[in-house]
Amino acid sequence: MFFIINIVFILLVFRILLNGKVLKRLMEYHWGFLLKFQHVLFFLLFFIITFFTENYFLDVPELIWSVLFVIIFNIGIYYLVYFYLVPRFYLSNKYPEFILYAFICFLVSSLFRILLEPAVFNMEFNETLSNTKFLYNVYTAQGIVILVASFLGITKDKFLIEQDFKELGEEKDQLYLALLKSKLNPHFLLNTLNNIYSKSFNPSENTSESILQLSRLLQYVIYDTNKEKITLMQEFSSIKSLIGLYQLKYHNVLDIDFDIDDEDILELIEIPPSVCLTLFENALKHSAVGIEANSFIKVNYKIQDQEFVFEIKNSVAQNKNLMENSNDNGLGNEAVISILEKYYPERFTFISKATENNTYETLLKIKL
């Protein structure tokens, strides 16, 4: 009974460890070490229990040799199940074969101990310490070793799958971010360079200003977007550079309203790069500014109650055929939401919808 209670206690400990929030947090960083620690913990407890159960039948020094024999023997059984039976049969969905071979392993290992231990270590049985109790201890011990090895082997695969899934998720997020960083329309950049080239034959302040704004925007794309987070000031500066290039392209007739205030505060707040810029680019693409009359973009932001609020209102193009790259849907809001979910889980609100008077509104709120 004492042996069973201890084994049940071991299984409960393993269950708590495998499902506990603390272990889950640690698994994110040291999952390989913790998987090995499970084996060490089990055999440490198994050693203690074996020592006290064998103590009834043997005296020192035969007790020590007997315990060492049992531990070494069961390490072999344990890893046979853990590294061979579980991957070969259970994880291949061959459940009947797994149960059959695990049962054979249990019978053979139990029979081996029953025949060998009493003869080698001169165990003496009497009415109080009967051979029935010895058989009971052997069967229980071998059953527990095989069950724990199976349990940990199966859960190891679960952890590895979760770890691979997490790494794939992180790679997906990085891919999204990389795509966001490269989303700046190459056709627009090419057209801008062509405009600068044509204006260079008659140099003016607009030519110099175009080169300056393009240089700032390229600096942002090449350097700032490689960072995990940048300040709101840097993000907004890139938007201003993009606005400046569009204004120069259309001779400063575009109705784009975006003023930056509270620069000191913006230098203290950091966000993932390209999020706000991508939302603004979407507005540029769909608003038809510079193409249709009465088209507009209005950008507002504020810091209120420890919350960053970024809002864009823009017109919607009446004639889609006149839009540049009208068939290019880009990454859209889905990629932006993926980035926000990574950095601000359950801390952001994102709304993107059509409103009255042929306008479109995008609202982003982030709890700081």
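The first residue in the sequence is number 1, and the count goes up from there.
- Side-chain atoms of Tyr360 and Ser287 form no donor-acceptor pair, as typed in the model, at a separation below 3.5 Å.
- In this structure, CD1 in Ile114 is found 11.5 Å from CG in Leu116, a value given to the nearest 0.5 Å.
- Contact annotation: the side chain of Phe296 never approaches that of Ile256 to less than 4.5 Å [non-hydrogen atoms, C-beta and beyond].
- Looking at every heavy atom in both residues, Ala317 comes nearest to Ala288 through CB-CB, 3.6 Å.
- Expressed to the nearest 0.5 Å, how far CD1 of Ile48 lies from CZ of Phe43 amounts to 13.5 Å.
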> Can Glu361 and Glu311 be said to form a side chain to side chain contact (heavy atoms under 4.5 Å, CB included), step by step?
Replying inline: CA-CA 7 Å; Glu361 180 178 348; Glu311 183 179 18; 2.7 Å; yes

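- Both Phe308 and Ile265 belong to a single network of hydrophobic side chains, linked directly or stepwise wherever heavy atoms of I, L, V, M, F, W or Y lie under 4.5 Å apart.
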>> As a quick check of understanding, evaluate side chain to side chain donor-acceptor pair (under 3.5 Å) for Glu281 and Thr278, giving each step before the final call.
In response: CA-CA 5 Å; Glu281 278 191 282; Thr278 300; 4.7 Å; no

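- In this structure, the ring of Tyr90 has its center less than 6.0 angstrom from the ring center of Phe98.
- Note: Ser238 OG to Phe280 CZ = 9.5 Å, rounded to the nearest 0.5 Å.
- Counting all heavy atoms, side chain and backbone alike, Gln247 lies closest to Val253 at OE1-N, 3.6 Å.
- At a threshold of 4.5 Å between non-hydrogen side-chain atoms, the residues Ile297 and Ile312 count as touching.
- Under the 4.5 Å side-chain criterion, counting only non-hydrogen atoms from C-beta, Cys105 is not in contact with Phe103.
- Applying the 6.0 Å contact sphere to CZ of Arg347 captures more than 12 heavy atoms from other residues, nucleotides or ligands.
- Of all heavy-atom pairs between Val86 and Ser150, the closest is CG2-CA, 3.9 Å.
- Phe310 CZ to Lys302 NZ: the interatomic distance, rounded to the nearest 0.5 Å, is 14.0 Å.
- Here the shortest heavy-atom pairing between Glu292 and Val316 reads OE1-O, 4.3 Å.
- Residues Phe51 and Ile144 fall within the same hydrophobic cluster, defined by Ile, Leu, Val, Met, Phe, Trp and Tyr side chains chained together at heavy-atom separations under 4.5 Å.
- Between Thr231 and the options Lys229, Lys227, Gln234, a side chain to side chain donor-acceptor pair (under 3.5 Å) holds for only Gln234.
- Counting heavy atoms from C-beta on, the side chains of Asp255 and Val289 never come closer than 4.5 Å.
- Atom NZ in Lys353 sits 10.0 Å away from atom OG1 in Thr359 (nearest 0.5 Å).
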> Thr349 and Leu363: side chain to side chain contact (heavy atoms under 4.5 Å, CB included), yes or no, with the steps?
Replying inline: CA-CA 8 Å; Thr349 301; Leu363 177 64; 5.8 Å; no

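- For the pair Ile271/Glu235, a side-chain contact is recorded, criterion being any heavy-atom separation below 4.5 Å from C-beta on.
- Using modelled atom types, no side-chain atom of Thr140 and backbone atom of Asn137 make a donor-acceptor pair closer than 3.5 Å.
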Under 3.5 Å, which donor-acceptor pairs do the side chains of residues 69-81 form with other protein atoms, sequence neighbours left out?
unit_1 : atom_1 : unit_2 : atom_2 : d
Asn74  : OD1    : Gln142 : NE2    : 2.9
Asn74  : ND2    : Val70  : O      : 2.9
Asn74  : ND2    : Gln142 : OE1    : 3.3
Tyr78  : OH     : His39  : ND1    : 2.8

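- Hydrophobic clustering keeps Val299 apart from Ile351 (ILVMFWY residues linked when any side-chain heavy atoms are closer than 4.5 Å, directly or through intermediates).
- At a threshold of 4.5 Å between non-hydrogen side-chain atoms, the residues Leu107 and Phe112 do not count as touching.
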> Passes side chain to side chain contact (heavy atoms under 4.5 Å, CB included), Leu279 versus Val336? Steps please.
Replying inline: CA-CA 8 Å; Leu279 297 179; Val336 174; 4.1 Å; yes

> Given the rule in the side chain to side chain contact (heavy atoms under 4.5 Å, CB included) test, do Phe89 and Tyr84 qualify, once you have shown the distances and angles that lead to the verdict?
Replying inline: CA-CA 8 Å; Phe89 299 105; Tyr84 181 75; 4.1 Å; yes

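- In the hydrophobic clustering of ILVMFWY residues, with side-chain heavy atoms under 4.5 Å counting as a link, Leu268 and Val309 come out apart.
- The number of heavy atoms from other shown groups lying within 6.0 Å of CZ (Phe258) is above 12.
- No side-chain heavy atom of Thr362 sits less than 4.5 Å from a side-chain heavy atom of Asn282.
- For Tyr301, the ring-ring contact (aromatic ring centres under 6.0 Å, His included) partners at least two apart in sequence or on another chain are Phe236.
- Side-chain contact check for Glu341 versus Phe348: some heavy-atom pair is nearer than 4.5 Å.
- From Asn314, atom CG reaches atom OG1 of Thr355 across 8.5 Å, with rounding to the nearest 0.5 Å.
- Cluster membership check: Val67 shares its hydrophobic cluster with Trp65, using side-chain heavy-atom separations under 4.5 Å among Ile, Leu, Val, Met, Phe, Trp and Tyr.
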